[in-house]
4 protein chains.
Amino acid sequence: MPNSSPKAEPTPPWPKHRKTEPGACSGLRVGPAQGAHAQANPCFPMPDLPRTKPAALRRDALLDAAERLFRERGFAATSVDAIVAAAGVAKGTFYLYFKSKTASLVALQDRFVFQFRDAIEQAVGAHVDWSDRLDAWITAALNGYLDQTAVHDVVFHEVRPCARRIKSNHLVIQSLALLIEGGAATGAWRTEDARLTAVMLFSALHGAADAAIAGLTPLDRSACLAAVLRFCRRVLGLA
Amino acid sequence: MPNSSPKAEPTPPWPKHRKTEPGACSGLRVGPAQGAHAQANPCFPMPDLPRTKPAALRRDALLDAAERLFRERGFAATSVDAIVAAAGVAKGTFYLYFKSKTASLVALQDRFVFQFRDAIEQAVGAHVDWSDRLDAWITAALNGYLDQTAVHDVVFHEVRPCARRIKSNHLVIQSLALLIEGGAATGAWRTEDARLTAVMLFSALHGAADAAIAGLTPLDRSACLAAVLRFCRRVLGLA
Amino acid sequence: MPNSSPKAEPTPPWPKHRKTEPGACSGLRVGPAQGAHAQANPCFPMPDLPRTKPAALRRDALLDAAERLFRERGFAATSVDAIVAAAGVAKGTFYLYFKSKTASLVALQDRFVFQFRDAIEQAVGAHVDWSDRLDAWITAALNGYLDQTAVHDVVFHEVRPCARRIKSNHLVIQSLALLIEGGAATGAWRTEDARLTAVMLFSALHGAADAAIAGLTPLDRSACLAAVLRFCRRVLGLA
Amino acid sequence: MPNSSPKAEPTPPWPKHRKTEPGACSGLRVGPAQGAHAQANPCFPMPDLPRTKPAALRRDALLDAAERLFRERGFAATSVDAIVAAAGVAKGTFYLYFKSKTASLVALQDRFVFQFRDAIEQAVGAHVDWSDRLDAWITAALNGYLDQTAVHDVVFHEVRPCARRIKSNHLVIQSLALLIEGGAATGAWRTEDARLTAVMLFSALHGAADAAIAGLTPLDRSACLAAVLRFCRRVLGLA
DNA sequence: CATGAATGAGGTTTCATTCAT
DNA sequence: CATGAATGAAACCTCATTCAT
């Protein structure tokens, strides 16, 4: 891999090695031209560490690298070069796993959604009382959001056409809407339009979290949670 | 005559854009290349309209063109070339008025902010009763938002680091917070934390609007407004 | 919607070169657009010669092209476009090997320095007598300089802040200073300040060469050399 | 340092100009478009200070501004915009006095040459003894050079095609050559080739000054001068 | 599975110069 | 004498993607 380019040597020191003289090569090639990598005695070449990994692991490694970089510098500002450097693979490898840079963002979204939803539903599932379920939902959502802010942002913000935020959170809101409907059906609370209420409550929660993150409210996390819970109960006529 | 310091980047001070004596020149209008001005029948070319305009008008024209294009294709997808073509001026003229493409986006934000705030405050100012003022605020905000969605999106979405949305809306939320505080002070309603309540109410309003735009709720605009108003009143213990 | 901080330049993080999803792309060789490679008869298109070369060769080819063009038209007047055209590669390839146009000039300097120094020291090394060594140094330097004038000029003239010429020649002068000191130590000649004497002798040599090149003196190369040698000996009290 | 060809257009004269008929004026022009100048209260307009100056003064002011900027940032890196800003005039005014940016550099060269030569000849003229005249010449040249380094550099370095340095200093060297010849004619010293000796001595002086400026020699100005004088005398067989 | 040299369209920005007022 | 809005060619540099090995 005769890299004489001035670009910084990619993070991982364990180098990848290009192996051979290609057969149909131009007569010009005078030497082995192995670049600066041939640090070992060329007479006793290292038996080429295996560079391969199970596909799933490699894919995850790439996804991890991408997520970190997207978070740190934004999607558009992150080049595929940077991702592969961070993952310690060659450029082509990236395209072995993702059709495009955008495709890797979508993969990240899937990963996020799956985990986020899972966490909420698991929390809710532990309760039977409707009021408890509501509290659990709100709590899990707020915590999850606060914990994953950076990822959430990058994953849902950086896409054009900047789909309405609501749309992105469709599944999560649906979950809340069902909860609200369920509670209403059993008389736990009253609501005119479960779906729209869910939308607004979720948005309120989101906004409170954003404010907390932005440092615009002096409240700590638990106080924030308390405020959101109170807000919800009031909307649903609980308190 | 070697240079002892081997790798130091020598100060590279040449201008990057023109390397040769320009000689015969740019300003020379030799052909029909009059840019986008030639809107009239090319068979009867105008005898050289003066191309200058008062600076303010030119600036506005550029801003208008930029806003339209940003709305239609997004900020990043809009090239300065496109903007100047739409405005009917040369590329350099753009940079006469804005330091960079990004700077033009900022100018757009300023314009938007000014108008949006103005509209809300004007609507509120027409009422004295606190409840009416609240309703007016909500109504004006929702309508304003629904009317200006496209601009709003482009103007506030395309910036990194995607500052918390809440932050961007700081001024507007502040306005709502003051309103809520004012009402609370006179006993028009009760609230524990005017600021956080404002944040959440504004977010809820925003979310409802987004849902309406995204077509996720079957309600029309007035029904949406009614729902939001009801939501607000409930939160403030009014109804 | 409004953004409270009015004028702050928002971090502008989008990549500057590609704004839309690239989709089907550049690398795709769809047409005959094979760049400057198609040197063979276009009627019988080569079945896609491999375009890759060992990095070192490509780098050298680029450097050669750059040197020639810099010499012919000057650094600033040479565009990267011209360089890559001359080297028969795409624009991006240039930036694969050099971080910037300036960086390629630096690479050229390195190349020149290496060769120039080598030549002088090799010539000197063939002698043991101090006087012979001095003559050899002067001769090699003058010849080398006269032979490489064009390269020398471009390589050391085009940089700002036009570091004192002396500085650029630091290594070479150092070599001369050591020689003078060595001779003085063994009583071959006398000198008050070896370093400053080296500086002045080297400058005198340089000046004589410049005059010869500029055609300001009617002497041929050997006469010029003789004059410089005589000058030096006189300064060192040899003749 | 003088450039022998005084007024010659540096490079082929570039054609220019265009002329068009103004024709009818658009109705769009609404104001006088006075730009940012109208800083005073428009209701009580300042009675327009006269902005005009005698041509010679304005020209000098522009030249001063240009010299300072060229010195600080280099010729190419200095824009006409910067010059006019520094001189406090409008862009067009610059072109009223200089045909191009390059022309202003040439004007600067003339100014420099005139002053430098004058200073040396005046110093020499005060002596009659040949040895004193030589000393005076060297002293004045070294001092003048050390005092005017920055200007000298910018004025003689930034032009393409980087004429041999020797050529630029033609007049000054000629002056030295005549001095050496004169002394030789009267038997004050001996020399084989006055012209070449002058070249080399001047170069040595130049080199010593450069080294001093670059901080490569620990000597102060008077020590440097002493060394150069000693060097010269040795070359001419004086000491 | 993996590599990495090569591509090249596309973008932003600069600034010398003109000319109508 | 002076202005300054407008021009527009031309430069540098980026990076998503391909494909021969």
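All of these numbers come straight from a predicted model, not from anything done at the bench.
Between the NZ atom of C:Lys53 and the C1' atom of F:dA20 there is a distance of 17 Å, rounded to whole Å. The distance between atom NZ of C:Lys99 and atom P of F:dC12, rounded to the nearest whole Å, is 16 Å. Distance D:Leu69 CG to E:dC15 P: 13 Å, rounded to the nearest Å. For the pair A:Leu57 CG and E:dC1 P, the computed distance is 11 Å after rounding to whole Å. Here E:dA2 presents its P atom at 14 Å from CZ of A:Arg59, a figure rounded to the nearest Å. As a whole-Å value, the separation of C:Ile83 CD1 from F:dC12 P is 8 Å.
Here the side chain of A:Ala55 is nearest to one of E:dT7, F:dT17, E:dC1, namely E:dC1. Nearest nucleotide to the side chain of A:Val80, out of F:dA6, F:dT17, E:dT17: F:dT17. Listed nucleotides F:dA6, E:dA16, E:dA6 differ in distance to C:Leu96; the shortest reach to its side chain belongs to E:dA6.
Remark: the A:Lys91 side chain and the F:dT17 base include a donor-acceptor N/O pair separated by less than 3.5 Å.
For F:dT17, one of the phosphate oxygens OP1 or OP2 lies less than 4.0 angstrom from a side-chain nitrogen or oxygen of A:Tyr95. In terms of phosphate contacts, D:Lys101 brings a side-chain nitrogen or oxygen within less than 4.0 Å of OP1 or OP2 of E:dA16. Considering only side-chain N and O atoms, C:Arg58 lies under 4.0 angstrom from the phosphate OP1 or OP2 of E:dA6. For E:dC1, the OP1/OP2 oxygens have no side-chain nitrogen or oxygen of A:Tyr97 closer than 4.0 Å.
The residue among C:Gly92 and B:Gly92 whose nearest nucleotide of DNA chain F lies closer to the 5′ end is B:Gly92. With DNA chain F read from its 5' end, the first of the two nearest nucleotides for D:Val89 and C:Asp81 is the one closest to D:Val89.
No donor-acceptor pair under 3.5 Å is formed between the side chain of A:Lys91 and the backbone N or O of A:Ala85. Formation of a donor-acceptor pair under 3.5 Å by the D:Thr78 side chain with backbone atoms of D:Gly74 is found in this model. With hydrogens and angles ignored, the 3.5 Å screen pairs no side-chain donor or acceptor of B:Lys53 with any backbone N or O of B:Ala61.
In this structure, B:Ala90 and B:Val84 approach most closely via the heavy-atom pair O-CG1, 3.7 Å.
A 3.5 Å limit on both hydrogen-bonding distances identifies E:dG8 as the Watson-Crick or G-U partner of F:dC15. When both pairing distances are held under 3.5 Å, F:dA10 makes a Watson-Crick or G-U pair with E:dT13. Summarising the base pairing, E:dT21 is matched to F:dA2 through a Watson-Crick or G-U wobble pair whose two defining distances lie under 3.5 Å.
At a threshold of 4.0 angstrom between heavy atoms, the contacts of A:Phe98 with the nucleic acid are absent. Base engagement by B:Thr93 is indicated by at least one non-hydrogen atom pair under 4.0 Å involving a base atom.
Counting heavy atoms from C-beta on, the side chains of C:Ser104 and C:Tyr97 never come closer than 4.5 Å.
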